[in-house]
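Notes follow the structure.
Labels below follow one simple rule: chain letters A, B, ... track the order of the sequence lines, proteins then strands, and each chain is numbered from 1. Values in this document were obtained by computation on a predicted structure and should not be read as measured data.
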Amino acid sequence: MSNQNEETTKKEHSGVLVVVERKAGEPTNGSLQLTGKGKELAEQLGVKLIAVILGDDESALKTNAESLIRHSADEVYMIVNPGLAEYHTLPYTKAITQFITTKKPEIVLFNASTTGRDLAPRIAARLETGLTADCTNLLIEDYVDPRTKKEYENVLFQVRPAFGGDVLATIVSPEHFPQMATVRQDVFDTPEADHEKTGLIEKFEVNLDDSDFLLVTEEKIEYKKKTVDLKGAKVIVSGGRGLGKDPEKGFELLHELAEALGGTVGASRGAADKEWIDRGHQVGQTGQTVKPEIYIAFGISGAIQHLAGMQGSRTIIAINKDPNAPIFKYADYGIVGDAFDVLPKMIEMAKSK
Amino acid sequence: MNCVVLVKQVPDPNKKVGMTDQGTVDRDKSEGIMNPFDANALEMALQLKEKHGGKVTVVTMGPPKADAALREALSMGADEAFLLSDRKMAVADTLATAYTLSQAIRKIGNYDLVMSGIMAIDGDTAQVGPQIAERLGIPQVTYVEEMEIEADGKAKFKRLVEDGYEIIRTRQPLSECPVAVTVTNTANKPRYPSVMKKLKAAKAVIPTWTVADIEDSEENHSRYGMSGSPTKVKKIERPQSGKSPCKLAEGKTPDEMVECLFKQAELDKARA
Ligand SMILES: Cc1cc2nc3c(=O)[nH]c(=O)nc-3n(C[C@H](O)[C@H](O)[C@H](O)COP(=O)(O)OP(=O)(O)OC[C@H]3O[C@@H](n4cnc5c(N)ncnc54)[C@H](O)[C@@H]3O)c2cc1C
Ligand SMILES: Nc1ncnc2c1ncn2[C@@H]1O[C@H](COP(=O)(O)O)[C@@H](O)[C@H]1O
């Protein structure tokens, strides 16, 4: 990059910053997990853990800030502005970039949520710095560049799955600050609240103008809460968009098979979004996490968000007409074939005896 | 409605991936396919063109043989294609990739929408789309499943988020304020190219642009490829999952396969 002098750059950056995400007026669980991990990194580096939180309601932010202090932040900065009432890429990018440029943290962490993955790349580009996506581990280590043999102390090692989880890559950004990462939810524990702990809470002012408001959110539709309890099921028979040829028939057959096996019906988000089945049956990152003895997936490709909810099943069986569907990498048994050809025979066999 | 669609050639996930000494993907050793999500972005662009007219331009950055992804895009119905290929562009991370692509988009000019897939299935980063938006100074809407252009030229998007979706609208017509969009795989079913179009695409002349073609300032040459990439891959491991590979049921007919599956997975024991 534009030959910055990394010695000075590194020295003037200090502190670990967590960009806190809010949901229904509260810091998300993912954000609390980040403050926990961030604190660990900050202690190793001998620096402060800083949190920044944005919104339009100062008293609500104040309450959030106190909670963040109890959950291991040393300093919390509140950016209060009517334009930050809800998340929009441009005003949030501007506000957080102004904060980072002023406070100069050496590490900045975001959640790898739809918000974090929308926001962090934009900020990284504005700051001309590196960003590592969807990390599952973060470590502080010394680094030697194999090409230049140059040594760097206390570099953030950012570990992340790539190629759909086939490989684990360790990424470093030794010469550019801050070092930035988005971090996957639920890989780090939520820290215990320490009710005695105190810390600095302060406001940070930003300037926003009309050019930051080019989009309007007209509606936010939140899906209804979970209804069907899949957690206790020993067998789950799940359907996805692969049942699209005749979804009504497909799910009818799934119910029949589930009943014959003494199980419950599940679904991918793909199927629930199409309203082939009630949202309450959805398995995955934003659905339910299940661990049945047997999980049978019909016409489900095995997207990472789906796998997140069923990978813990004892035996996974996949029926998919595409032999290359990612689900087969996680399945123990499988049939490459059309779900509609396979289902009747499976029901017959499950019922026999 | 002029759309620039970014398509990436990615290693075929079902062939073994080659790695270089630097720990990056060895594209010479890997069979390439068009990134599946990019096919969804292209399909969305083609549907917009069918409805509102205009032009669909596809761009890729990669080695010379990445032209295969562009030919696939042409055979699906794209009007024009550009290949960005130069040794100086090699080993780019998302920041350098986005800079390179944005320079090409500036050169193409006159666009209303810049469309990409939500993520490439090799790096899985989902960063290039938003970073291009930043470079071009235009707003972005990520995770788009549906979009519509209304009579006044403004656009309306359905954006997927964790617990539902959002409806987002532009304040200005796209002709005044273009938008960068990243498209989900659930948006549509990409069309199959016709044989005729395939033959035509195979013969199409695809211009190749080097750094010199898209960059006026000598000073900015360091923003490409490895020198423009803050991040470095320290190492790549293949985690030992300890899981044995999937046992696929054998049989000539579905019935035989089901019987085989029941035996292998001992499904009869699961019976209620
Ligand atoms: C923020 C966010 C959160 C998400 N959360 C979740 C979540 O919690 N849970 C979830 O599941 N997804 C979630 N997703 C969506 C996820 O990314 C995938 O889009 C979704 O899981 C795909 O569903 P699918 O496998 O049913 O469909 P597809 O990916 O379309 O796969 C269909 C499969 O069926 C096969 N097929 C087609 N026809 C047949 C046939 N006749 N017989 C057999 N096989 C056939 C195809 O080969 C294909 O593999 C989320 C996405 C986002 C952006
Ligand atoms: N080298 C490239 N050439 C063209 N488009 C790309 C390239 N890299 C990334 N993209 C686009 O950016 C999207 C996101 O890629 P990524 O950030 O790498 O996950 C892809 O789906 C493509 O549309």
Side-chain angles (χ1 to χ4, degrees), chain A residues 1-2 89-90 113-114 117-118 121-122 124-126 129-134 143 157 162-164 166-173 175-176 214-223 235 260-262 270 273 286 294 315 317 324 328 331-337 341-342 345-346 349-350 353, chain B residues 13-14 17 93-95 98 121-127 130-131 133-135 139-143 160-172 177 186 222 227-228 230-239 246-249 254-255 257-259 261-262 264-265 267-268 270-272:
Chain A
M1 286 287 334
S2 32
T89 319
L90 294 176
S113 57
T114 46
R117 295 186 82 170
D118 184 79
R122 188 119 196 176
R126 198 165 290 185
T129 194
L131 174 66
T132 306
D134 204 22
Y143 171 69
F157 279 30
F163 289 95
D166 275 3
V167 303
L168 264 188
T170 302
I171 313 286
V172 293
S173 172
E175 298 203 343
H176 290 78
L214 301 172
L215 302 174
V216 202
T217 303
E218 289 201 331
E219 259 181 283
K220 280 190 183 201
I221 288 89
E222 203 166 310
Y223 294 135
V235 178
L261 291 171
D273 279 1
T286 46
I294 303 176
T315 301
I317 301 175
N324 300 324
F328 285 120
D332 303 287
Y333 304 97
I335 292 181
V336 177
D341 295 340
V342 168
K345 179 73 178 173
M346 283 189 77
M349 287 197 61
K353 196 176 152 186
Chain B
N14 306 299
V17 178
D93 72 359
T94 65
L95 192 73
I121 60 162
D122 50 359
D124 300 342
T125 83
Q127 289 177 178
Q131 294 193 317
E134 171 63 19
R135 284 286 167 259
Q140 72 195 40
V141 187
T142 51
Y143 300 95
L160 293 190
V161 294
E162 277 81 3
D163 299 325
Y165 58 90
E166 303 172 343
I167 302 294
I168 292 176
R169 194 191 290 268
T170 60
R171 275 189 206 276
Q172 289 156 280
C177 177
T186 46
S222 64
S227 60
T231 61
K232 300 181 196 317
V233 180
K234 171 158 187 301
K235 73 172 175 201
I236 287 199
E237 298 161 285
R238 272 176 203 282
C246 180
K247 284 200 188 75
L248 289 179
D255 284 6
M257 289 197 269
V258 170
E259 280 167 18
L261 174 73
F262 264 68
Q264 287 181 327
L267 268 183
D268 36 352
R271 258 178 244 163

With chain B as the partner, which of [options] has the greatest number of non-hydrogen pairs under 4.5 Å?
options	answer
V342(A), V235(A), V172(A), D273(A)	V172(A)
E219(A), R122(A), R126(A), K345(A)	R122(A)
I221(A), L214(A), T129(A)	I221(A)

Report task. Under the side chain to side chain contact (heavy atoms under 4.5 Å, CB included) rule, what do F328(A) and L248(B) come out as? Steps first, then yes or no, please. Result -> CA-CA 9 Å; F328(A) 285 120; L248(B) 289 179; 3.8 Å; yes

Report summary line: Comparing C177(B), A133(B), A265(B), G123(B) against chain A, the one with the most heavy-atom pairs below 4.5 Å turns out to be A265(B)

**Report entry** Choice from A98(B), P254(B), C246(B) maximising heavy atom contacts with chain A below 4.5 Å
**Finding:** C246(B)

Should [X] and [Y] count as side-chain neighbours, where that means a heavy-atom distance under 4.5 Å?
X	Y	result
I171(A)	V233(B)	yes
D332(A)	K247(B)	no
E166(B)	E218(A)	no
E222(A)	Y165(B)	no
I335(A)	V258(B)	yes
P139(B)	L90(A)	yes
L267(B)	I294(A)	yes
L131(A)	T94(B)	no

How long is the span from the [atom1] atom in [X] to the [atom2] atom in [Y], to the nearest 0.5 Å?
X	Y	atom1	atom2	answer
H176(A)	L95(B)	NE2	CG	8.0 Å
K234(B)	Y143(A)	NZ	OH	7.5 Å
T217(A)	I168(B)	OG1	CD1	4.5 Å

Query raised in the report: Is it the side chain or the backbone of D134(A) that comes within 4.5 Å of chain B heavy atoms, both, or neither?
Result: neither

Report task. Could you tell me whether the side chains of E162(B) and T114(A) share a donor-acceptor contact shorter than 3.5 Å? Result -> yes

Query raised in the report: Quick check: does any side chain N or O of Q140(B) sit under 3.5 Å from a backbone N or O of T89(A), one acting as donor and the other as acceptor?
Result: no

Query raised in the report: Does A125(A) offer a backbone N or O that forms a donor-acceptor pair with the side chain of R135(B) under 3.5 Å?
Result: yes

Requested in this report: Starting from the C-alpha separation in whole Å, work towards a yes-or-no answer on side chain to side chain contact (heavy atoms under 4.5 Å, CB included) for L261(B) and M346(A).
Outcome: CA-CA 9 Å; L261(B) 174 73; M346(A) 283 189 77; 3.9 Å; yes

Report task. Over all heavy atoms of both residues, which pair between P121(A) and Q127(B) is shortest? Give the atoms and the distance, please. Result -> CB-O, 3.7 Å

**Report entry** Residues V161(B), T286(A); criterion side chain to side chain contact (heavy atoms under 4.5 Å, CB included); working and verdict
**Finding:** CA-CA 9 Å; V161(B) 294; T286(A) 46; over 6 Å; no

